[in-house]
Amino acid sequence: MEAQKPTAKPAAKAGKKSNAPGIKNAAWVIVICAIIAVCLFIFWFGADMHFDEDGHPQNLWGTIYKGGFIVPVLQTLFLTVIVLAVERWIALNSAKGKGNVAKFVADVKACLERKDIAGARALCAKQRGTVAAVVDSALIRYEEMDTNTVLTKEQKIATLQKQVEEATALEMPTLQQNLPILATMTTLGTLVGLLGTVMGMIKSFQALSQSGAPDSTELSTGISEALINTAFGIATGAFAVIFYNYYTNKIDNLTYAIDEIGFSIVQTFAATH
């Protein structure tokens, strides 16, 4: 077993080279989005040109400003969802590699049937991406086991299976990076929107509860706050759940491809040795 220790490092490096790029610290994304949201709220939505002399909104931007201080919070969440969705799209496209993953898997399996390990590794070098990185690391170990005269067949097969699992484990955290934040935004956006809705309705009822004629300005402000926050909350939650499910499905497809080709490599070795 001592002779195998130096050979484990090249396989791990092969996996790391194809890790999907992405934003490592999403906290900075949230901070930047918060700054942008506050600036938009103060300098654009709250600009004088969006209101008449009595302070009533003249267009949609002024109406959004009437949503109150919850609006920049919801805008921060919404912008964060959009930014992380774009970031995951770029990262997963890079992880997919060049060309069609299904065709790549089929081509590698064809090479394995011909016992053309060099050809399979050439396909990995051409395809790149997460699947190719895992397959290439498994093929490196395949070649090592092919020339190993110390281990038994069962030990070699177990070593190959372990290599596929380890290479996959190196890739998965990068693929799933920032998805938990999108999942959190699904609920958080809706709850914050609901909070803004309740606060707006409280203001509306306060205006109605005044003696005499209700204050129309306070009433309209409360209704605007409720509706605007409801709209932003629903939009944030909807976009977050759509993007989360979409990217989760893409990751599942990559995982299925890795499992399929990993099983083929192990079975090919078992059948030919």
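Positions are given from 1, in the same order as the sequence printed here.
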Checklist entry - Hey, what do you get for CD1 (Ile70) to CG (Leu195), rounding to the nearest 0.5 Å? => result 4.5 Å
Checklist outcome for this item: In short, salt bridge (charged side-chain N to carboxylate O under 4.0 Å, His left out) pairs touching residues 174-197 with sequence neighbours left out are none
Checklist entry - What's the spacing between Glu171 CD and Leu175 CG if we round to 0.5 Å? => result 6.5 Å
Item to check | Residues, nucleotides or ligands: over 12 heavy atoms within 6.0 Å of Tyr142 OH | outcome: yes
Item to check | Nearest atoms (heavy-atom pairs only) where Pro57 meets Gly62 | outcome: CB-C, 3.4 Å
Next on the checklist: I'd like to check the ring-ring contact (aromatic ring centres under 6.0 Å, His included) partners of Tyr65; sequence neighbours left out, ordered by chain and number.
Outcome noted: Phe41, Phe51
Checklist entry - Got more than 12 heavy atoms from elsewhere within 6.0 Å of NZ, Lys126? => result no
Checklist entry - Closest heavy-atom contact between Val108 and Leu123? => result N-CD1, 3.9 Å
Checklist entry - Rounded to the nearest 0.5 Å, what separation is found between the CD1 atom of Ile64 and the CG atom of Leu74? => result 11.5 Å
Item to check | Val131 side chain reached by Gln127 side chain, heavy atoms, under 4.5 Å | outcome: no
Item to check | Results of ring-ring contact (aromatic ring centres under 6.0 Å, His included) for Tyr247 - residues two or more places apart only | outcome: none
Checklist outcome for this item: Rounding to 0.5 Å, atoms CH2 (Trp44) and SG (Cys39) come to a distance of 14.5 Å
Checklist entry - Hey, quick one: are Leu77 and Phe69 part of the same hydrophobic cluster, counting side-chain heavy atoms closer than 4.5 Å, chains of contacts allowed? => result yes
Checklist entry - With the threshold set at 4.0 Å, does a side-chain nitrogen-carboxylate oxygen contact exist between Arg141 and Glu144? => result yes
Checklist entry - What do you reckon, is CG of Asp48 surrounded by more than 12 foreign heavy atoms closer than 6.0 Å? => result no
Checklist outcome for this item: Applied to residues 248-261, the side-chain hydrogen bond (donor to acceptor under 3.5 Å, both in side chains) test, sequence neighbours excluded, yields Asn93-Lys250, Lys109-Glu260
Item to check | For Pro72 against Gly68, the heavy-atom pair lying closest together | outcome: CD-O, 3.6 Å
Checklist entry - Just how far is it from atom OG1 of Thr76 to atom CD1 of Ile32, taken to the nearest 0.5 Å? => result 12.0 Å
Checklist entry - Minimum heavy-atom separation for Cys124 to Ala132, with atom names? => result O-CB, 3.5 Å
Checklist outcome for this item: Taken in chain and number order and not counting sequence neighbours, the residues that satisfy side chain to side chain donor-acceptor pair (under 3.5 Å) with Lys96 are none
Next on the checklist: I'd like to know if the side chain of Thr197 reaches the main chain of Ala226, judged simply by a donor and an acceptor atom lying under 3.5 Å from each other, with no hydrogens or angles considered.
Outcome noted: yes
Item to check | Side-chain touch Leu179/Ile251, heavy atoms, less than 4.5 angstrom | outcome: yes
Checklist entry - With side chains defined as the heavy atoms from C-beta onward, is the minimum distance between Phe263 and Val164 less than 4.5 Å? => result no
Checklist entry - Under 4.5 Å between any side-chain heavy atoms of Gln75 and Phe45, yes or no? => result yes
Next on the checklist: When you group the ILVMFWY residues by side-chain heavy-atom contacts below 4.5 Å and let the links chain together, are Tyr244 and Ile30 in the same group?
Outcome noted: no
Checklist entry - If you measure from OG1 on Thr230 to CG on Leu194, what distance do you get to the nearest 0.5 Å? => result 7.5 Å
Checklist entry - With distance as the sole test, does Asp136 use its side chain to make a donor-acceptor pair with the main-chain N or O of Ala125 at under 3.5 Å? => result no
Next on the checklist: Membership question, hydrophobic clusters at under 4.5 Å side-chain separation (ILVMFWY): are Ile90 and Met172 in the same one?
Outcome noted: yes
Checklist entry - Which residues, ordered by chain and number, are linked to Val241 in its hydrophobic cluster, where ILVMFWY side chains connect at heavy-atom gaps below 4.5 Å, directly or through other members? => result Ile242
Checklist entry - Within a strict 4.5 Å, meaning less than it, do heavy atoms of the Phe232 and Asn229 side chains meet? => result no
Item to check | His50 (side chain) donor-acceptor with Asn59 (main chain) under 3.5 angstrom | outcome: no
Checklist entry - Can you find a pair of side-chain heavy atoms, one from Leu188 and one from Thr236, that are under 4.5 Å apart? => result no
Next on the checklist: So does Gln177 get a backbone contact from the side chain of Arg88, meaning a donor-acceptor N/O pair under 3.5 Å?
Outcome noted: yes
Next on the checklist: Between Thr187 and Thr184 (side chain of the first, backbone of the second, donor and acceptor by atom type, cut-off under 3.5 Å), is there such a pair?
Outcome noted: no
Checklist entry - Tell me, do Met145 and Gln155 make a side-chain contact under 4.5 Å, heavy atoms counted? => result no
Checklist entry - With hydrophobic residues grouped by side-chain heavy-atom distances under 4.5 Å, do Val29 and Val86 end up in a single group? => result yes
Checklist outcome for this item: In short, Leu160 meets Ala138 closest at the heavy-atom pair CD2-O, 3.6 Å
Checklist entry - What closest approach, in Å, do Val101 and Ala257 show between heavy atoms, and which atom pair accounts for it? => result CG1-CB, 3.7 Å
Checklist entry - Do the side chains of Val73 and Phe43 join up, straight or via other hydrophobic residues, at under 4.5 Å, putting them in one cluster? => result yes
Next on the checklist: Check whether Lys156 reaches the backbone of Asp146 with its side chain - one donor and one acceptor, N or O, closer than 3.5 Å.
Outcome noted: no
Checklist entry - Heavy-atom distance under 4.5 Å between the side chains of Cys33 and Val83, does that happen here? => result yes
Checklist entry - Stepwise, does the side chain to side chain contact (heavy atoms under 4.5 Å, CB included) test hold for Leu139 with Leu112? => result CA-CA 10 Å; Leu139 292 175; Leu112 290 175; 4.0 Å; yes
